[in-house]
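Everything numeric here is computed off the predicted structure, so don't read it as measured data. Here is the naming used below: chain letters follow the sequence lines, and residue numbers restart at 1 for every chain.
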Amino acid sequence: MKMKYQKPKGTADILPPYSNEWQFVEKNARETFALYNYDEIRTPIFESFEVFSRSAGDTSDIVTKEMYDFDDKGGRHIALRPEGTAGVVRAFVENKLYGPEHQKPVKVYYMGPMFRYERPQSGRLREFHQIGVEAFGSVSPKMDVETIAMAMDFLKKVKVTGLKLVINTLGDKESRDNYRQALIDYLEPHYDELSDDSKERLHKNPLRVLDSKDKNDQKFVADAPEILDYLTDNAREHFESVKNQLEALGIEYIVDSTMVRGLDYYNHTIFEIMVANSPLGKGEVTICAGGRYNGLVEELGGPEVPGVGFGLGVERLLLLLNEETQDMLQTKQLDFYVVGIGDAVQNETLKIVHELRQMGFATEQDYLDRKPKAQFKSADKLNAKFVVTVGESEMNDHVFKLKNMMTGDEQTIALKEIRTLKDLLK
RNA sequence: GCGGUAGUGGCGAAGUGGUUAACGCACCGGAUUGUGGCUCCGGCACGCGUGGGUUCGAUUCCCACCUACCGCCCCA
């Protein structure tokens with residue numbers, strides 16, 4: 001009896017030719033980030049559970065229900081990373097990247113798998129991938145803006161259209177505390193009318209009530225006090241500055257004062273980049289989200305070092321690549337296919353294939369002892385630009401045939417002239 | 001965690017409580033003894049997600065489970 005193995009629920013195999021799309025996205029990310037002087041950082045895919053629970057906030061959904069965690073054989077409580085920032089911050093602190101020998105700000109990016117234990121759905125998996133960046137050591141709004149600009153640049157580079165930048169501020173601690181109280185004062189009288197979820201959130205994390213999808217809740221939210229009215233002077237200045245600079249760069253944005261992030265560590269600027277009319281589903285989908293997190297480094301045992309960053313969902317982004325890009329990336333490109341006819345020419349074709357590859361041409365041959373017809377068929381399937389044919393007669397005459405698959409023209413060329421082929425493709 | 005829909009060859013997709021499970025694509029072979037994209041001919045599921053049950057008999061009916069997709073929650 002044969003066992004049938006299946007990939008774990010909520011995971012995906014990334015197969016050719018789609019893996020080309022991944023490489024395309026990753027390559028553009030690296031190139032874009034390099035322009036902004038970011039370097040790559042690689043951190044473990046799993047961390048101590050506390051790294052995430054400490055940073056994301058004990059009441060966040062990620063910690064309470066979505067963490068992919070387990071005890072290892074040594075009894076350690078481990079969690080597969082649900083997002084990238086916490087691990088990077090942990091590494092920043094542990095390796096003392098805040099030390100004086102490191103240029104500030106410290107700017108890093110990462111790309112890799114993340115895990116959340118939840119019900120798979122379109123654009124949502126248990127193992128998914130994010131590309132993210134973090135910049136440590138600057139409180140300047142310039143840093144916030146640069147981060148946002150970089151995300152937009154990257155998305156434009158991979159030709160995603162219909163981008164919509166939404167920003168908001170959560171202010172500093174004082175702003176937030178004041179606002180939190182104002183929000184509780186406002187919602188408290190309506191307690192009995194709120195949805196169960198929101199009742200739960202009201203005292204634990206009232207900001208999340210703003211985020212409620214419940215229609216009834218939204219009625220209250222519409223008239224709720226706005227964070228913008230509770231900002232301290234400092235927080236207001238910061239936000240104004242961010243907006244001014246975005247305008248200076250010609251980056252369009254809208255302010256959504258009800259936008260909240262799922263992670264508790266954010267303060268001051270938060271932002272999301274959404275795309276409308278996506279194939280992901282109806283309405284808008286967030287493909288990139290981030291913001292400032294000034295207390296997080298301290299929270300994880302480091303000094304008082306501010307940070308800004310964003311995370312971007314690769315699977316979601318891939319669904320948004322336009323058709324031309326997808327076609328381009330999924331089309332096989334081969335320079336030469338070498339057809340051998342008869343056993344006697346085996347070594348001859350082997351040498352030609354090798355030679356062509358040495359010359360820098362993507363070259364393929366038959367490995368299944370198939371007839372010329374079948375070999376040509378393969379050449380066609382592989383989109384080979386040229387086919388080199390060698391049979392016994394050619395071998396004896398020290399020549400080969402060269403066929404242009406586009407035009408169908410075929411000519412005979414002396415074997416010793418094979419090097420002249422390098423002028424064929426350019 | 002909750003609700004809905006679905007699961008037939010490599011892919012797409014018909015189908016019926018009972019002899020050999022349509023068809024299309026792909027693939028392989030032949031027509032064309034050494035040449036692709038067109039055409040024609042032939043081949044290609046001891047099997048209908050897994051495990052139970054009902055039945056003389058189930059891919060088809062029932063139950064459970066698994067997985068996928070969609071929605072809720074939440075989010076990338």
Once hydrogens and angles are ignored, does a donor-acceptor distance under 3.5 Å link the base of rG34(B) to the side chain of T389(A)?
no
Which residue, E118(A) or K381(A), contacts RNA chain B at a nucleotide closer to its 5' end, judged by nearest heavy atom?
K381(A)
In this structure, is the centre-to-centre distance between the rings of Y109(A) and Y38(A) below 6.0 Å?
no
Hey, does the side-chain of R119(A) have a donor or acceptor N/O within less than 3.5 Å of a partner on the base of rC70(B)?
no
What class does the angle between the rings of H129(A) and W22(A) fall in, given that below 30° is parallel, 30 to 60° is tilted and above 60° is perpendicular?
perpendicular
Closest non-hydrogen atoms of A384(A) and F336(A), given as atom of the first, atom of the second and distance, are CB-C, 4.4 Å
Rounded to whole angstrom units, what separation is found between the CD1 atom of I270(A) and the P atom of rC75(B)?
11 Å
Which residue lies toward the 5' end of RNA chain B, I341(A) or G10(A), if each is placed at its nearest nucleotide?
I341(A)
Hey, does the side chain of K401(A) come within less than 4.0 Å of rU35(B)'s phosphate (OP1/OP2), counting only N and O?
no
Base, sugar-phosphate, or nothing: which does L317(A) touch, judged by heavy atoms less than 4.0 Å apart?
nothing
To the nearest Å, give me how far apart CD (Q6(A)) and P (rU50(B)) are.
11 Å
Taking pairing as Watson-Crick or G-U wobble with both contacts under 3.5 Å, can you name the mate of rC65(B), or confirm there isn't one?
rG49(B)
Rounded to the nearest Å, what distance is computed from the CG atom of residue D13(A) to the P atom of nucleotide rU67(B)?
15 Å
Taking only side-chain nitrogens and oxygens of Q121(A), does any of them come within less than 4.0 Å of OP1 or OP2 of rG71(B)?
yes
Please give the distance between the P atoms of rG52(B) and rA58(B) as a whole number of Å.
13 Å
Using a strict cut-off of less than 4.0 Å between a Lys/Arg side-chain nitrogen and an Asp/Glu carboxylate oxygen, indicate whether K107(A) and E146(A) qualify as a salt bridge.
yes
Parallel, tilted or perpendicular, judged at 30° and 60°: which one describes the rings of F33(A) and F154(A)?
tilted
Taking only Lys NZ, Arg NE, NH1 and NH2, and the carboxylate oxygens of Asp or Glu, determine whether E50(A) and R54(A) approach each other closer than 4.0 Å.
no
Report the distance from atom NZ of K377(A) to atom P of rG34(B), rounded to the nearest whole Å.
16 Å
Out of rA76(B), rG34(B), rG36(B), which has the shortest distance to the side chain of F376(A)?
rG36(B)
Using Watson-Crick geometry (N1-N3 plus N6-O4 or O6-N4) or G-U wobble (N1-O2, O6-N3), each under 3.5 Å, rU39(B) is paired with rA31(B)
Watson-Crick or G-U wobble mate for rA21(B), both contacts under 3.5 Å
none
Expressed as a whole number of Å, how far does the P atom of rC46(B) sit from that of rC65(B)?
30 Å
C1' gap between rA13(B) and rU8(B), integer Å
9 Å
In this structure, how many angstroms lie between the C1' atom of rC75(B) and the CZ atom of R116(A), rounded?
6 Å
Measuring only the C1' atom in each nucleotide, how far is rU60(B) from rU16(B)? A whole number of Å is fine.
6 Å
Using both distances under 3.5 Å as the test, list the Watson-Crick or G-U wobble partner of rC72(B), or none.
rG1(B)
Are any of the side-chain nitrogens in E47(A) or R81(A) under 4.0 Å away from the carboxylate oxygens of its partner?
no
Could you tell me how far rC44(B) sits from rC23(B) if I compare only their P atoms? Round to whole Å.
11 Å
Using a heavy-atom cut-off of under 4.0 Å over every strand shown, decide if E394(A) touches base, sugar-phosphate, or nothing.
base
Under 4.0 Å, counting only non-hydrogen atoms across every strand here, what does S378(A) touch: a base, just sugar-phosphate, or nothing?
nothing
Whole Å only: how far is the CZ atom of R81(A) from the P atom of rA76(B)?
15 Å
What integer distance in Å separates E315(A):CD from rC75(B):P?
18 Å
Polar pair under 3.5 Å, donor/acceptor by atom type, side chain E410(A), base rU35(B):
yes
Main chain of K332(A), side chain of N383(A): is a donor-acceptor contact present, judged purely on distance under 3.5 Å?
yes
Quick one: label G84(A) by what it contacts on the DNA or RNA (base, sugar-phosphate, nothing), any heavy atom closer than 4.0 Å.
nothing
Checking rG1(B), rA76(B), rG29(B) against the side chain of Q130(A) (C-beta onward), the nearest is rA76(B)
Distance in angstrom units between K371(A) NZ and rU32(B) P, rounded:
13 Å
Among rA76(B), rA68(B), rG34(B), the nucleotide that comes nearest once only the side chain of K9(A) is considered
rA68(B)
Please report the distance separating the C1' of rG24(B) from the corresponding atom of rA31(B), rounded so that it comes out in whole Å.
23 Å
Quick one: label G408(A) by what it contacts on the DNA or RNA (base, sugar-phosphate, nothing), any heavy atom closer than 4.0 Å.
base
Whether R370(A) contacts rC28(B) is assessed here as follows: a side-chain N or O lying under 4.0 Å from the phosphate OP1 or OP2. Is that the case?
yes
When you compare rC2(B) with rA14(B), how far apart are their P atoms, in angstrom units rounded to a whole number?
31 Å
Searching all strands shown, indicate the nucleotide that pairs with rA13(B) (Watson-Crick or G-U wobble; both distances under 3.5 Å).
none
Which whole number of Å gives the distance between the C1' atom of rG9(B) and that of rU59(B)?
14 Å
